[in-house]
Amino acid sequence: MSENVVHLHKPTDPPADDTAPTVLTVVPDAPPAPPVPLWVRSGRAVKSAVTHETTKTTVRAVARHSLYTFNGGRIVARRTWDGRTGSRYERMIRAAEAAGNLEAAEEWEERLQRFRAARHHRRMDLLHSPVEAAKGVAVGAGMSIGVLIALGVIMAINNGHVGDVITPLAATIDFIALLIRIVQVVWGPALTIGPFLALLALWSVGSKQHAAPAWALPANVRSGEGEPITPSIVVKALRDLGIAPLKNAIKEMGDAGASMLGPIRIAGCGVEVDVTLPSGVATNEVQKRRRKLAENLTRHEHEVFITIPEAARTVRLWIADSGALDEPIGPSPLVTDETMTANYKTGKAPWGQDLRGDAATISLYQRHLLVTGLSNQGKTAALRALALWLALDRSVQFWIADLKGIGDWAMFEGIAQVLIEGPSDDHVIQATEMVEDAVEEMNRRIEERRRDPSIVFEPLIVLVDEAQLAFMCPVVGDDKRPYGGAKATSRYFMGVRKIHNQGRAVDVLMWQGTQDPTDQNLPKLVREGAHTRASLVLGTESQARMALGDKAVDGGAAPHLLRQGLDKGTLVVASDGITIPAGQASITVRTHFIDDEPAAEVADRAKALRDGVATLRVVDQGEERDALADVASVIGDAPRLRTNEVLKRLHALAPDVYGDQWTNDRLKSLLEEHGEEPKKSHGVMVIHRDHVLRALTNRDAEGSASAAE
């Protein structure tokens with residue numbers, strides 16, 4: 001029996017043929033790694049412990065609270081020194097001189113002199129006070145002993161015991177002895193606890209002032225989240241704006257720039273402060289650095305507003321609380337107060353809230369109106385909210401052209417005398433003719449006013465939403481005049497200009513809503529003819545100037561700095577009809593949003609105040625249809641259908657006629673005209689087939705009677 005031999009050594013001359021024996025080579029294990037020296041392991045452990053987040057947090061906390069106590073002592077010592085000496089007045093004098101305000105410097109110098117005179121008087125009084133104090137103590141003690149003895153005599157006479165004469169005096173001595181024993185008992189612990197209480201008080205002062213380096217402060221304070229606005233923070237933010245004259249002036253001020261600031265006032269969901277800039281610094285230099293100033297104040301750009309008040313070399317800063325502008329402002333009073341009414345002449349429409357949180361109301365009396373902004377930012381909602389309020393005054397007439405045509409103004413059927421809905425050129429032509437009719441109405445009123453100066457006319461609001469379509473319309477009429485454009489030959493442009501020029505005198509007012517303004521779709525003469533100009537978010541500063549005017553933008557109005565999509569419904573308003581803080585040219589308003597259903601409810605209240613308005617609705621100039629017969633046709637053999645289902649079937653039957661302008665209200669009005677109306681079934685509004693057939697019968701009977709007459 002053959003055996004396989006395993007050679008454990010490598011042959012010097014291994015066989016070359018295939019029958020060579022198998023060789024197994026054994027490779028020895030690698031030598032073990034040398035042990036890590038103790039000092040290396042210790043260093044790694046120390047490094048891990050030192051750099052651990054828990055260690056960092058602990059060190060930061062220890063340093064923070066220690067420095068709170070130390071710097072709190074410095075703050076208390078500084079306050080004490082300021083109260084005992086004239087250093088505060090001297091700082092104010094130097095600050096006023098650095099700011100170039102000599103009048104303030106003289107006033108502070110006069111206060112310093114009065115302080116020194118009063119201090120000298122107090123020190124002179126100290127020379128005589130020991131003698132006067134000793135006399136006072138002696139007289140007080142004698143009188144007190146006399147009173148006590150007199151009280152004892154009265155007690156002795158009353159009780160018949162002579163010993164009662166000294167009873168009150170003995171009781172007083174015992175009471176004083178009791179107080180002394182109490183002090184002796186408390187004195188020891190008080191001496192022990194007192195220093196700790198003093199340190200706690202110093203820590204409290206330092207903690208409130210965040211008197212520690214930034215690296216030692218808590219994470220939320222270091223990041224600025226929720227950081228309160230203090231004078232030191234405002235001055236530091238101004239100092240770091242990159243304006244060299246401002247930075248140098250702050251360094252030269254003895255009070256580190258605090259004298260530049262007025263009082264920091266709570267203003268709605270933020271604070272407001274006036275800053276008097278030093279000589280050599282222009283207000284527009286600060287305005288141009290709004291983003292940097294906001295970031296220095298640990299705020300977003302949209303949370304800081306810079307305006308120019310009446311005072312010279314002064315900017316007014318409004319600084320929002322972090323995240324406050326992202327919170328909704330609540331429903332409109334038009335929705336919550338069903339008893340609200342309107343008065344065109346003396347009332348003010350509730351439009352929203354200003355940044356201070358106060359109600360923003362606006363007068364619409366004899367004021368042409370322009371609302372503009374980018375698409376889908378709340379322009380129609382802001383314009384409609386004003387019209388809904390004014391509709392509650394039954395004397396006001398409305399002619400409305402909605403060139404968007406998706407039903408945003410459908411609830412004004414029964415309120416408006418004219419209602420045009422649609423985006424086509426035909427609708428623009430009809431809107432233009434409506435404006436020209438308003439011009440004729442204006443001329444008629446002017447002629448009547450000329451004959452009778454005391455005559456009063458009912459207000460007429462001529463409202464065109466999406467007016468940019470009218471200005472951009474390319475259609476030319478039979479008279480060779482274009483409907484759109486910005487020239488004297490443009491029919492729409494000239495109609496609006498004529499109303500702007502003379503309509504206010506006879507209460508014919510032009511309201512326009514337009515988007516993404518340019519010189520082509522919002523001509524200069526038209527936009528400057530509006531008394532009230534409001535803008536939502538815009539893309540550029542040049543558009544902001546088109547919307548609001550140069551004066552408002554130079555004064556701090558900045559709709560182009562609002563956030564598209566996030567600041568929906570936020571308007572910058574320039575108007576004498578709204579209360580604007582003194583010295584400012586505009587005000588920022590966060591408008592109430594009234595959705596379609598609440599808007600329809602407000603419109604129903606307005607209709608109830610009126611005797612009934614036959615609205616002329618202008619739809620596509622297509623085929624004429626019998627609406628009542630079409631309703632009967634779409635119901636078919638069904639005993640009843642929901643009103644929503646009927647509207648869907650009507651739209652499918654003739655979409656050009658039964659478009660978005662057909663609503664539940666219009667369907668209800670159609671049946672009511674012939675003595676029928678929709679009813680509710682299980683809480684849902686439905687239309688019965690029998691009711692529609694009866695309405696057709698009633699209409700045919702009315703037509704036959706009219707023909708017979």
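Remember, predicted model here, so these are calculated numbers, not experimental data.
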Non-hydrogen side-chain atoms of [X] and [Y] separated by less than 4.5 Å:
X    : Y    : answer
V76  : L202 : yes
Q287 : T307 : no
L151 : V147 : no
V235 : I250 : yes
P331 : T336 : yes
Q184 : R181 : yes
I308 : T314 : no
F305 : R316 : no

Any idea which heavy atoms bring [X] and [Y] closest together, and the distance?
X    : Y    : answer
D354 : A360 : N-CB, 4.0 Å
I362 : S575 : CD1-OG, 4.4 Å
A544 : H560 : CB-ND1, 3.5 Å
I594 : A385 : CD1-CB, 4.1 Å
V286 : I306 : O-CD1, 3.8 Å
L246 : P278 : CD1-CD, 3.6 Å

Working to the nearest 0.5 angstrom, can you tell me the gap between [X] [atom1] and [Y] [atom2]?
X    : Y    : atom1 : atom2 : answer
L317 : L238 : CG    : CG    : 6.5 Å
N284 : D554 : CG    : CG    : 9.0 Å
T591 : I329 : OG1   : CD1   : 6.5 Å
I587 : I580 : CD1   : CD1   : 6.5 Å
I75  : Y68  : CD1   : OH    : 10.5 Å
L571 : L536 : CG    : CG    : 4.0 Å

message = Checking R367 against D576 for the salt bridge (charged side-chain N to carboxylate O under 4.0 Å, His left out) test, could you report, in this order, the C-alpha distance in whole Å, the side-chain angles of both residues, the deciding distance, and whether it holds?
response = CA-CA 9 Å; R367 289 178 175 88; D576 60 350; 2.9 Å; yes
For a quick check under 3.5 Å, do W351 and H592 share a side-chain donor-acceptor pair by atom type?
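Side chains of W351 and H592: no pair found under 3.5 Å.
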Would a distance-only check, ignoring hydrogens and angles, find a side-chain to backbone donor-acceptor pair under 3.5 Å from [X] to [Y]?
X    : Y    : value
R290 : V304 : yes
Q113 : E110 : no
D567 : R563 : yes
W389 : P350 : no
R239 : K251 : no
Q377 : G373 : no
R313 : L277 : yes
T85  : W81  : yes
D337 : T339 : yes

Sequence neighbours excluded, the answer for salt bridge (Lys or Arg N to Asp or Glu O under 4.0 Å) partners of E285 is none
Sorted by chain and residue number, the salt bridge (Lys or Arg N to Asp or Glu O under 4.0 Å) partners of K236 (sequence neighbours excluded) come out as D240
message = Would you say NE2 of H300 has more than 12 non-hydrogen atoms from neighbouring residues, nucleotides or ligands within 6.0 angstrom?
response =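 No, not enclosed.
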Open item on the list: Tell me whether the count of non-hydrogen atoms from other residues, nucleotides or ligands lying under 6.0 Å of CG in L169 goes above 12.
Closed with: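 Buried by this count: over 12 neighbours within 6.0 Å.
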Margin query: If you apply the rule side chain to side chain contact (heavy atoms under 4.5 Å, CB included), what do you find for T167 with M155, and how did you get there?
Written below: CA-CA 9 Å; T167 298; M155 292 177 60; 4.3 Å; yes
Determine whether D274 and R265 satisfy the following criterion, side chain to side chain contact (heavy atoms under 4.5 Å, CB included), listing intermediate values before the conclusion.
CA-CA 10 Å; D274 287 350; R265 304 176 295 271; 4.0 Å; yes
Run the salt-bridge test on E295 and R299 with the 4.0 Å N-O cut-off and return the result as yes or no.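 Salt bridge flag = no for R299 with E295.
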message: Apply side chain to side chain contact (heavy atoms under 4.5 Å, CB included) to residues V589 and T570 and explain how you reach the verdict.
response: CA-CA 6 Å; V589 177; T570 299; over 6 Å; no
(message) The test is side chain to side chain contact (heavy atoms under 4.5 Å, CB included); show your working for I243 and R289 and say whether it passes.
(response) CA-CA 10 Å; I243 304 175; R289 292 168 170 81; 3.7 Å; yes
